[in-house]
Amino acid sequence: MRGWGRTGAIALATIGALIGTASGAAAALHPGNYVLRTIDLSNHGGMSGTRVSCPSGKRVVTGGAFWHRAGQGPDASLDVFLDSSSATADGKGWYAAGTNLSGQDLQLRVMVQCLGATHVGTYQVKSAEVSVTKGSFGALRVACGVGKQAVTGGAYWHRSGHAADAVHVGVLSGSIATADMKAWYASGLNSANETLQLHVSALCLPTARVGTRHAKTVEVTINNTETGGVLVKCAAGMRVLTGGAYWHRAGQPTDSNLGAYLDSSNTTGDAKGWFAAGHNISGEQLVLHVSAFCIAP
């Protein structure tokens with residue numbers, strides 16, 4: 001089992017990039033036209049990760065990853081962790097990694113929902129990194145800027161100067177669009193034996209391009225040493241634009257220093273909801289907050 005340190009470290013460096021092929025003047029996104037791509041990565045114990053790509057000419061809108069037994073759906077009781085989960089910087093896919101401590105043969109499903117590049121428009125990619133020493137927590141909030149919304153985003157761990165790496169690993173304790181969808185928040189623990197970078201990104205579009213969002217949130221109380229999860233469903237006729245989850249104490253905001261971690265966080269295959277699950281090993285009762293941000297097709 002990993003060492004679960006409790007000190008924090010936060011630093012910020014923001015960069016911007018443009019991903020896409022069309023201007024932001026087009027009509028709002030139409031999530032009824034999603035194309036789903038998935039990969040099931042077999043895991044016999046330890047760490048593994050992969051990227052799933054959108055078809056040629058399409059761009060990521062949402063995605064995620066969950067652990068499961070072959071032929072089954074998400075299972076909140078599994079002894080697993082979600083280490084990284086993020087839209088890729090080129091806007092063309094989703095990367096996720098996780099750790100299997102269950103002693104069972106499991107699969108990590110990485111999934112991405114895509115739309116045509118000209119339909120999505122031009123993402124402005126905002127990203128930031130925090131350097132986190134071993135056994136420490138880190139957290140970042142990456143803002144889109146005036147007049148823009150976070151359509152998708154995420155977080156991954158890596159060594160300084162290297163790409164995302166499923167071997168040199170931390171775990172995620174939160175990854176979610178903020179309530180106003182103007183930023184992406186993520187947090188996690190560096191469980192490696194060296195300093196790592198927690199990379200957080202938000203892929204942003206003009207607010208008018210995104211359309212009207214309807215947030216659905218469910219919170220589940222989970223006792224110390226227990227696991228739990230919840231599915232948040234969009235209203236009838238609506239589809240997920242984005243979603244996510246984080247841990248907190250009852251009545252308090254996000255807290256990156258809590259000893260609780262995500263096992264899964266993902267859009268459903270039919271894009272009608274968002275599922276998340278996690279482990280609470282904090283020593284106290286905590287709340288898992290799960291949100292789906294939904295729009296009408």
Side-chain angles (χ1 to χ4, degrees), residues 19-20 22 24-38 52 54 58-66 85-88 91-94 96 110-126 141-145 147-155 174-186 200-218 230-246 264-276 289-297:
I19 300 294
L29 295 174
H30 193 288
N33 297 328
Y34 283 152
V35 174
L36 173 67
R37 289 291 183 269
T38 65
V52 58
C54 292
K58 297 190 183 297
R59 296 293 182 267
V60 59
V61 178
T62 189
F66 67 87
S85 186
S86 180
T88 55
K92 297 179 180 180
W94 198 275
V110 184
M111 54 200 308
V112 63
Q113 299 276 12
C114 312
L115 288 177
T118 55
H119 187 72
V120 172
T122 302
Y123 281 130
Q124 182 178 37
V125 182
K126 295 285 191 176
R141 180 183 181 274
V142 178
C144 284
K148 293 184 170 60
Q149 301 278 301
V151 172
T152 190
S175 184
I176 192 171
T178 56
D180 58 9
M181 278 188 63
K182 294 181 179 180
W184 197 273
Y185 168 84
V200 182
S201 62
L203 277 62
C204 312
L205 288 177
T207 300
R209 185 81 182 83
V210 177
T212 302
R213 288 80 56 213
H214 300 268
K216 294 288 292 293
T217 296
V218 175
V230 66
L231 171 64
V232 180
K233 296 182 179 180
C234 292
M238 305 195 81
R239 297 293 184 271
V240 168
L241 177 67
T242 192
Y246 67 86
S264 301
S265 187
N266 59 279
T267 175
T268 56
D270 60 8
K272 295 181 180 180
W274 194 274
F275 172 80
H289 174 112
V290 184
S291 290
F293 297 88
C294 310
I295 55 178

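This one's a predicted model, so the numbers in the text were calculated from it and none came from an experiment.
- Residues Leu29 and Leu205 have side chains in contact (heavy-atom distance under 4.5 Å, counting atoms from C-beta outward).
- Here the side chains of Val151 and Leu203 are not in contact, with every heavy-atom distance at 4.5 Å or above.
- Side-chain atoms of Tyr34 do not come within 3.5 Å of backbone N or O of Thr62 as any donor-acceptor pair.
- Between atom SG of residue Cys294 and atom CZ of residue Arg239 there is a gap of 10.0 Å, rounded to the nearest 0.5 Å.
- Looking only at distances, a side-chain donor or acceptor of Lys216 sits under 3.5 Å from a matching main-chain atom of Lys233.
- Using a 4.5 Å heavy-atom cutoff, the side chains of Gln124 and Thr122 are not in contact.
- In this structure, the separation between NZ on Lys58 and SG on Cys54 is 9.0 Å, given to the nearest 0.5 Å.
- Two residues are said to be in side-chain contact when any heavy atoms from C-beta on lie closer than 4.5 Å; Leu241 and Gln149 fail this criterion.
- The side-chain heavy atoms of Met111 and Val52, taken from C-beta on, include no pair separated by under 4.5 Å.
- For the atom pair Leu231 CG and Phe275 CZ, the distance stands at 7.5 Å (nearest 0.5 Å).
- Side-chain atoms of Ser85 and Trp94, non-hydrogen and from C-beta on, do get closer than 4.5 Å to each other.
- Counting heavy atoms from C-beta outward, Ser175 and Trp184 have side chains that approach closer than 4.5 Å.
- In this structure, the side chains of Arg59 and Lys92 come closer than 4.5 Å at one or more pairs of heavy atoms.
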